[in-house]
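This report refers to the structure that appears directly beneath it.
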Amino acid sequence: MIDIKEIRKNPQKFKRACKDKGFAVDIDRLLKMDKALRDLKKLLQDNATYENMLQKEIPALSGKERESKLETLSNLKRDDVEWKKNIKELQPQFDALMLQVPQPADDDVPLGKDDTENVEIRKEGQIRKFDFEPKDHVQLGTDLGIIDIERGVKLAGTRNYLLRGDGALLHWAVLRFAMDFMVGRGYVPLSVPVLVRDEAMVGTGFFPGSEDQTYRMEKDELSFAGTAEVPLTAYRMGEILKGEELPLKYVGLSSCFRREAGAAGKDTYGLYRIHQFDKVEQVVICENSSQESRKYHEEILANSEGVMQALELPYRVANVCTGDLGRGQAKKFDIEAWMPSRDGYCETHSASKLYEFQARRMNLRYKDAATKKNLFCHTLNNTVIASPRVLIPILELYQNADGSVTIPKVLRPYMNGKEKITAGT
RNA sequence: GGAGCGGUGGCCGAGCGGCUUAAGGCGACGGUCUUGAAAACCGUUGUGCCGGAAGGCACCGGGGGUUCGAAUCCCUCCCGCUCCGCCA
């Protein structure tokens, strides 16, 4: 959520943010409602001052004087009722609109309409040239008996799958490696709920807006988080943290659930776009300072690059353009791994910087030591590793001419030292 | 699923119709003392909104009601806890 004062000060900035990011929010209407609400509250406040005065006098009075003051009081209250009614009608509309105002993108974010206009910052690693006809991950996985999509669909419908044998072990190896990597960098590991209250979904900015992408337990009014960003970021919501606690650095492993509504027919092949997967996620909660935010944005990006480099996967980093930014994101780096079967770099990580957008929604503050003020924290998040999506480049890039797959060195300790996945194991 | 209990400031906790801008404690901050620290003692210390300021207004889980007046009484919703039952 944006500070209404900022919107009053510079409506143009937010109108442009709506345009650049592709969100339709009527800023003029918002400001009109703001003005109306403020006027009403001012009237109500002035009346209250009067009423409080009268109320102090009345108990000491009697007879005519008392009667007359009581009447004045009741006249004042008649106006109150009317104004309160108006506020009650306006306020929820205003609040709903406030939740929709997007965060303006940073100045160094490229202008663009969608992910095709993201700007490559750099490439790392070499794309492998095959001297044989390579298989895609589905073919490899099926031949090796480690991926079973057909029966996944039988069990749970489209976009579902099973991992088996070394496939399952490889999946967990990747996750465990990523978790250990982050713990090694000082992040606090958390095992978290994935079925969360609306406050957490609204607080992180997924609601309103992404209800269609979310599985929901209607009876219990709980939603399955599509990422551990939700529980990790909302973990401390409503709290006033001590300044010296910051930055908070969390890493969590969770299953992630996404309905992928509206994506029918898109990325239907293989393990790229699926309803359920596992992900190690990192979240940083820091002081209200754009320098700090910038610093940790780079840190969480470097963490994930470290994981990709350890896995020896070629990737590139993109500066995500305005049209591909979420409502709350001021800037985002995507890491895209090379995927031979898709003949391109495809998103495996997404590092977001949100300033106080989420913290304001979830009332997450800290006591600033210098000013003694309660300030909203800044929040950031990034994928550490998401599997099985990352198994696509791993399987495809590490495949051998004989159909076996070499296991990346850093994962071998998590697979009993095994070096290769071969058929029938 | 059954039965109870409770939600008060950064935290704990008293208050149960006007004296509450919420007792008391803890914590934090400042000071005295000390070579330094601890202890002790003294003092300060909620949030948000309106206003140039003086000041005003609101807030004791949310909403509504009773009353001249509500943290305190009533209704309702939300959240939490305890005990019993079932169970990974």
Side-chain angles (χ1 to χ4, degrees), chain A residues 1-9 30-96 98-99 191-203 207 216-223 231 234-246 248 254-255 285 287-288 356 359-377:
Chain A
M1 193 161 59
I2 305 297
D3 187 349
I4 183 64
K5 289 180 195 153
E6 293 297 317
I7 305 175
R8 282 179 202 144
K9 234 190 288 175
L30 179 76
L31 286 172
K32 250 171 91 178
M33 291 201 299
D34 176 47
K35 177 78 168 73
L37 277 168
R38 270 153 61 95
D39 289 347
L40 284 167
K41 285 173 184 173
K42 177 76 177 144
L43 287 170
L44 217 44
Q45 182 184 322
D46 291 345
N47 252 17
T49 308
Y50 236 136
E51 288 162 14
N52 288 344
M53 216 174 72
L54 291 171
Q55 268 155 24
K56 272 184 194 131
E57 295 172 11
I58 287 167
L61 301 175
S62 61
K64 263 184 113 172
E65 228 181 339
R66 183 183 167 100
E67 289 307 309
S68 126
K69 299 251 171 177
L70 279 176
E71 201 190 321
T72 312
L73 189 60
S74 85
N75 286 336
L76 290 171
K77 294 210 160 181
R78 206 159 333 168
D79 290 336
D80 289 352
V81 170
E82 184 65 23
W83 296 331
K84 278 183 184 162
K85 208 184 99 198
N86 292 342
I87 289 175
K88 218 179 134 186
E89 197 186 311
L90 269 176
Q91 192 71 53
Q93 297 177 38
F94 174 79
D95 293 345
M98 279 300 287
L99 287 178
S191 172
V192 294
V194 290
L195 203 48
V196 299
R197 288 215 174 112
D198 288 342
E199 286 92 320
M201 295 302 283
V202 172
F207 289 176
R216 184 171 173 84
M217 304 301 283
E218 204 44 66
K219 270 187 221 163
D220 302 292
E221 298 185 305
L222 296 171
S223 296
Y235 176 37
R236 309 294 295 273
M237 74 179 154
E239 296 188 25
I240 299 177
L241 307 170
K242 295 192 173 89
E244 59 270 25
E245 281 184 84
L246 300 177
L248 297 174
S254 81
S255 290
I285 296 169
E287 284 173 32
N288 191 304
E356 57 177 50
R360 191 173 273 278
R361 286 172 165 245
M362 61 175 82
N363 204 20
L364 172 61
R365 295 171 294 172
Y366 70 100
K367 179 78 76 184
D368 182 59
T371 61
K372 304 262 197 272
K373 286 273 189 192
N374 295 333
L375 302 178
F376 289 108
C377 301

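Every chain is numbered from 1, with letters handed out A, B, ... down the list of sequences. What you see is a predicted model, and the numbers here were worked out from it, not measured in a lab.
For B:G15 and B:U67, the P atoms lie 28 Å apart once the distance is rounded to whole Å. Using C1' as the reference atom, B:G64 and B:C42 are 47 Å apart when rounded to the nearest Å. Distance check on atom P: B:A23 versus B:G46 gives 11 Å, rounded to whole Å. A gap of 14 Å separates the C1' atoms of B:C19 and B:G69, to the nearest Å. Taking atom C1' in both B:A58 and B:A70, the straight-line distance is 15 Å, to the nearest Å. Comparing B:C33 with B:A22, their P atoms are spaced 33 Å from each other, to the whole Å.
Residue A:K41 is classed as having no contact, given no heavy-atom separation below 4.0 Å to the nucleic acid. Backbone-only engagement by A:N374 is indicated by non-hydrogen atom pairs under 4.0 Å involving sugar-phosphate atoms exclusively. Backbone-only engagement by A:K77 is indicated by non-hydrogen atom pairs under 4.0 Å involving sugar-phosphate atoms exclusively. Using a 4.0 Å heavy-atom criterion, one finds that A:K5 contacts the sugar-phosphate atoms exclusively.
Both A:L73 and A:R38 lie close to RNA chain B; mapped to their nearest nucleotides by heavy-atom distance, the more 5′-ward contact belongs to A:R38. Annotation: of the two residues near RNA chain B, A:K242 and A:R365, the 5′-most nearest-nucleotide partner is A:K242.
Secondary structure note: stems in RNA chain B built from 3 or more consecutive Watson-Crick or G-U wobble pairs under 3.5 Å occupy B:1-7 with B:78-84, B:10-12 with B:24-26, B:27-32 with B:40-45, B:46-50 with B:55-59, B:61-65 with B:73-77.
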(message) Walk me through whether A:L99 and A:F207 qualify under side-chain contact (heavy atoms from CB on, under 4.5 Å).
(response) CA-CA 9 Å; A:L99 287 178; A:F207 289 176; over 6 Å; no
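In terms of modelled atom types and a separation under 3.5 Å, the side chain of A:N288 and the main chain of A:F376 share a donor-acceptor contact.
With sequence neighbours excluded, no residue forms a salt bridge (charged side-chain N to carboxylate O under 4.0 Å, His left out) with A:E51. Here A:R360 pairs with A:D3, A:E356 under the salt bridge (charged side-chain N to carboxylate O under 4.0 Å, His left out) rule; sequence neighbours left out.
You can see that RNA chain B meets the heavy atoms of chain A within a 4.0 Å-exclusive cut from B:G10 to B:G80, reading 5' to 3'.
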Result block: side-chain N/O donor-acceptor pairs under 3.5 angstrom for residues 30-37 of chain A, not counting sequence neighbours:
residue : atom : partner : partner atom : Å
A:D34   : OD1  : A:R8    : NH2          : 3.1
A:D34   : OD2  : A:R8    : NE           : 2.6
A:K35   : NZ   : A:D39   : OD1          : 3.2
A:K35   : NZ   : A:D39   : OD2          : 2.9

Check residues 81-89 of chain A and write down every donor-acceptor pair under 3.5 Å in which the side-chain atom is one partner and the other belongs to a residue at least two apart or another chain.
none

